[in-house]
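Contents: one structure, followed by commentary.
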Amino acid sequence: MVELLEAEYRRVWDRFYDEFKFQPSTRSFKWPAIKEPVASVTWSLAVLDDDPEDERLDRLVEVVEQGLTSCIGPSGTLLALDWQHTSYRFAPQDVGGPGRLAWPLSPYPDGDYYIYLSEDFRMGSFGHPWEESLCLFGQEFLNAASAEVEKLLGQPIRRSGRIVGTA
């Protein structure tokens, strides 16, 4: 795991702002804060408010981490972005588990935007702390993780940027 140095940090964030039309805001009329990709599903995290032992949260983290690891391949790396804070590049197969460093950040947005991205930005997760939502994107990643996430969080609130239940 390596911390992104200033020049790379700026390059990655500039690309993220550009490709995802990122507009951070605490105001609900500006949400979802990114242009959610065509292959994306977004869930509310509100159900986790009634999870006193954090069992569903722990399982959610596990599902997202396993899904990303399986999709990125044995030699791939991911970016872990924490808005306006230290961000990282890491190999998911080298973190987590006994005797290893923990994954940087979490898919659960604990007070800030937390983002996992493949190096080519084709898949990842976007945790929105004020909307209390989690967006997973990239068809391969959705195939690997969305069914289990739906069991944990319930029906999604958006698919491919469209509110569920609308045409």
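Position 1 is the first residue of the sequence, and the numbers go up from there. Small disclaimer: the values here were computed from a predicted structure and weren't measured. Only this structure's heavy atoms are used, side chains among them; waters, hydrogens and symmetry mates stay out.
Residue L101 is grouped with residue L78 when hydrophobic side chains (ILVMFWY) are merged at heavy-atom distances under 4.5 angstrom, including chains of intermediate members.
Residues R89 and E119 are paired through a salt bridge, judged by an N-O separation under 4.0 Å between the basic side chain and the carboxylate. Ion pairing between a basic and an acidic side chain is recognised when a charged N comes within 4.0 Å of a carboxylate O; R158 and E131 show such pairing. The residues E19 and K35 are annotated as not salt-bridged, no charged nitrogen and carboxylate oxygen being separated by less than 4.0 angstrom. Remark: E6 engages R10 in a salt bridge, criterion side-chain N to carboxylate O under 4.0 Å.
Taking each heavy atom of S125 and L134 in turn, the nearest pair found is CB-CD1, 4.1 Å. For E150 against P156, the heavy-atom pair with the smallest separation is OE1-CD, 3.7 Å. The heavy-atom pair separating S133 from I157 by the smallest distance is CB-CD1, 4.3 Å. Considering every non-hydrogen atom in both D50 and R56, the closest pair reads O-NH2, 2.6 Å. In plain terms, the two heavy atoms of E36 and G161 that are nearest each other are OE1-CA, 3.2 Å. Residues Q93 and P74 share a closest heavy-atom pair of NE2-O, 2.8 Å.
A donor-acceptor pair is defined here as one N or O able to donate and one able to accept, closer than 3.5 Å; such a pair exists between the side chain of D51 and the backbone of E55. In this structure, S146 contributes its side chain and N143 its backbone to no donor-acceptor pair below 3.5 Å.
Counting heavy atoms of neighbouring residues, nucleotides and ligands inside a 6.0 Å radius, atom CD of E53 does not exceed 12 of them. The 12-atom threshold is exceeded at CD of E8, counting heavy atoms of other residues, nucleotides or ligands nearer than 6.0 Å.
With rounding to the nearest 0.5 angstrom, the CD atom of E62 is 11.5 Å from the CG atom of L57. How far SG of C71 is from CD of Q139: 10.0 Å, rounded to the nearest 0.5 Å. Rounding to the nearest 0.5 Å gives a distance of 8.5 Å between CG of D54 and CG of L48. Note that CD of Q155 is 10.0 Å distant from CH2 of W43, once rounded to the nearest 0.5 Å. We find the CZ-CD1 distance between F90 and I72 to be 9.0 Å, quoted to the nearest 0.5 Å.
Using a 4.5 Å heavy-atom cutoff, the side chains of E132 and D49 are in contact. With contacts defined as side-chain heavy-atom distances shorter than 4.5 Å, the pair T69/W103 qualifies. A 4.5 Å side-chain heavy-atom check between R59 and K151 finds every atom pair outside the cut-off. V41 has its side chain out of reach of L136: every pair of non-hydrogen atoms, C-beta onward, lies at least 4.5 Å apart. Two residues are said to be in side-chain contact when any heavy atoms from C-beta on lie closer than 4.5 Å; L105 and S87 fail this criterion. Annotation: side chain of M1 is in contact with side chain of P104 (closest heavy-atom distance under 4.5 Å).
Considering V61, V63, L68 as possible partners of P107, the one that fulfils the side chain to side chain contact (heavy atoms under 4.5 Å, CB included) test is V61.
Residue L81 shares its hydrophobic cluster (ILVMFWY side chains chained together at separations under 4.5 Å) with L4, Y9, V12, W13, F16, Y17, F20, F22, W31, I34, L79, W83, Y113, I115, L117, F121, F126, W130, F137.
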Problem - Residues F141, S40; criterion side-chain contact (heavy atoms from CB on, under 4.5 Å); working and verdict - result: CA-CA 9 Å; F141 181 36; S40 68; over 6 Å; no
